[in-house]
Amino acid sequence: MQRVLSGIQPSGIPTIGNYLGAIRQWVALQDTHECLFCIVDLHAITSFQDPAKLRAQTLEMAATLLACGIDPARSALFAQSAVHAHVRLGWIFNCIARLGWLNRMTQFKDKAGKDREAASAGLYVYPNLMAADIAAYRATRVPVGDDQRQHLELANDICEKFNHDYGVDFFPRIEPLILGEAARVMSLRDGTRKMSKSDPSDQSRINLTDDADAIAQKIRRARTDPAPLPSEPAGLAERPEARNLVDIYAGMAGTDAAAVLAEHGGRGFGAFKDALAGLLVARLAPITAETTRLLADEAHLREVLAGGAAQARALADPIVAHVERLVGFLA
Ligand code: AMP
Ligand code: TRP
């Protein structure tokens, strides 16, 4: 069985972007793969996080992932900071990755913004730790949204350079698993920006915990253009907001844009938005209810995460110990 690893930051409530880009794949992969899913709190603090909030959001993320269908009987679900192998390998990878490689990372440029000098060093080496998350398990498949493609290419470069420098064939190639429809869900306010759980505007996203009223209101206010929906996907070119709503509909309905437009093409956005809001409410209501139920029992959530961390450690510790010997540590 191929080994899958993926991660998500506990930096807010997950959005339908996280769900469509990543989480729904994670749930499906459990049927066919050995799966590890980590809540990447070490990555979250590359931008300052209020400690109490970080703790609460880590538990919320665990509850949401379980509510979406991550099954702790089949998959290891854990907090990244609980498995020290990630940091140990992350340091070694800091010494493998070249500055020139990191300088090309678009996510760093986006997140650091104009004042790059003021970004944390952690934000800069973020992709090295992400590579270590995967390589610590020698995982070969990584389900992510489209925005992580560049980081996974870098992870492969790091693993290859490690193998080359130490004359081994130890780290396998990593294969990104990126879904076609809705791999990149855009902001509801601006069709050229990614929907993000850390966007200051709550109107820009649908959170997995939004209730029916909030969903209906956000979709009604979502930015669109005046033309009616086209009847074929080609008609969505140069219409990023329209494309985004159609992709969200397709992702949530489990079909593709062509099928959505065959049904809704030619209509105005009013009717389509009503249908989209209805679909979102129907899909998200059970997840929200289950998340609320799970959050009421913090002890249980902590137990699930502790169990997942123990499983993860059992896999990663021997791999990273071997790497440390390859590097020449007196391990
Ligand atoms: P993050 O929210 O940055 O921790 O991302 C967690 C996972 O969700 C990653 O696999 C991302 O690629 C994916 N993801 C985040 N935002 C989006 C989005 N707007 N559209 C599609 N996938 C996303
Ligand atoms: N960088 C990813 C994101 O922001 C999260 C992440 C951290 C990750 N480590 C990972 C994803 C390992 C896949 C595998 O979305």
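Order of appearance sets the numbers: ligands from 1, and atoms from 1 within every ligand. Just so you know, these numbers use all the heavy atoms, side chains as well, and skip hydrogens, waters and symmetry mates.
The contact set between ligand 1 and A22, taken as ligand atoms under 4.0 Å from a residue heavy atom, comprises 7 (C), 8 (O), 10 (O). Below 4.0 Å from some heavy atom of R184 lie the following atoms of ligand 1, by number and element: 20 (N), 21 (C). Near K197, the atoms of ligand 1 lying under 4.0 angstrom from a non-hydrogen atom of the residue are 1 (P), 2 (O), 4 (O). Each of the atoms 21 (C), 22 (N) of ligand 1 lies under 4.0 Å from some heavy atom of G21. Proximity to Q148 (heavy-atom distance under 4.0 Å) selects the following atoms of ligand 1: 12 (O). Shown in contact with Q9 at under 4.0 Å from a heavy atom are these atoms of ligand 1, numbered in order with element: 3 (O), 4 (O). In the vicinity of D147, heavy-atom distances shorter than 4.0 Å reach the ligand 1 atoms 11 (C), 12 (O). Per-residue contacts place M195 under 4.0 angstrom from the following atoms of ligand 1 (heavy atoms of the residue considered): 16 (N), 18 (C), 19 (N).
Nearest heavy-atom pair across M252 and L280 is CG-CD2, 3.7 Å. Annotation for L89 and A136: closest pair CD2-N, 3.5 Å, computed over non-hydrogen atoms.
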Dump the intermediate steps for side chain to side chain donor-acceptor pair (under 3.5 Å) on R141 and H33, then the final yes or no. CA-CA 9 Å; R141 303 211 156 167; H33 291 69; 3.3 Å; yes

May I have the step-by-step check of salt bridge (Lys or Arg N to Asp or Glu O under 4.0 Å) for R220 and D274, ending in yes or no? CA-CA 8 Å; R220 223 180 299 119; D274 286 345; 5.3 Å; no

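A donor atom on one side chain and an acceptor atom on the other are not found under 3.5 Å apart for T224 and E241. Checked by atom type, the side-chain pair T15/N207 shows no donor-acceptor distance below 3.5 Å. Using modelled atom types, one finds a donor on one side chain and an acceptor on the other under 3.5 Å when comparing Q30 with S75.
Residue-level contacts of ligand 2 at the 4.0 Å heavy-atom threshold are L5, S6, G7, Q9, V40, H43, Y126, M130, D133, I134, V142, V144, Q148.
The aromatic ring centroids of F108 and Y126 lie 6.0 Å or more from each other. The aromatic ring centroids of H86 and Y137 lie less than 6.0 Å from each other. In this structure, Y249 has its ring center closer than 6.0 angstrom to the ring center of F272.
With distances taken over non-hydrogen atoms, the option nearest atom 23 (C) of ligand 1 out of S11, G17, G7 is G17.
Assignment of N18 to the shell around ligand 1 is supported, since a heavy atom sits closer than 4.0 Å.
Taking only nitrogen or oxygen atoms, main chain and side chain alike, G145 reaches within less than 3.5 Å of ligand 1. Note: an N/O pair closer than 3.5 Å links V185 and ligand 1 by distance alone. Looking at ligand 1, you won't find any N or O of I8 less than 3.5 Å from one of its N or O atoms.
Using a 30° and 60° split on the angle between ring planes, F93 and F171 fall in the perpendicular class, above 60°.
The side chain to side chain donor-acceptor pair (under 3.5 Å) check on Q217 picks up Q203, with sequence neighbours excluded.
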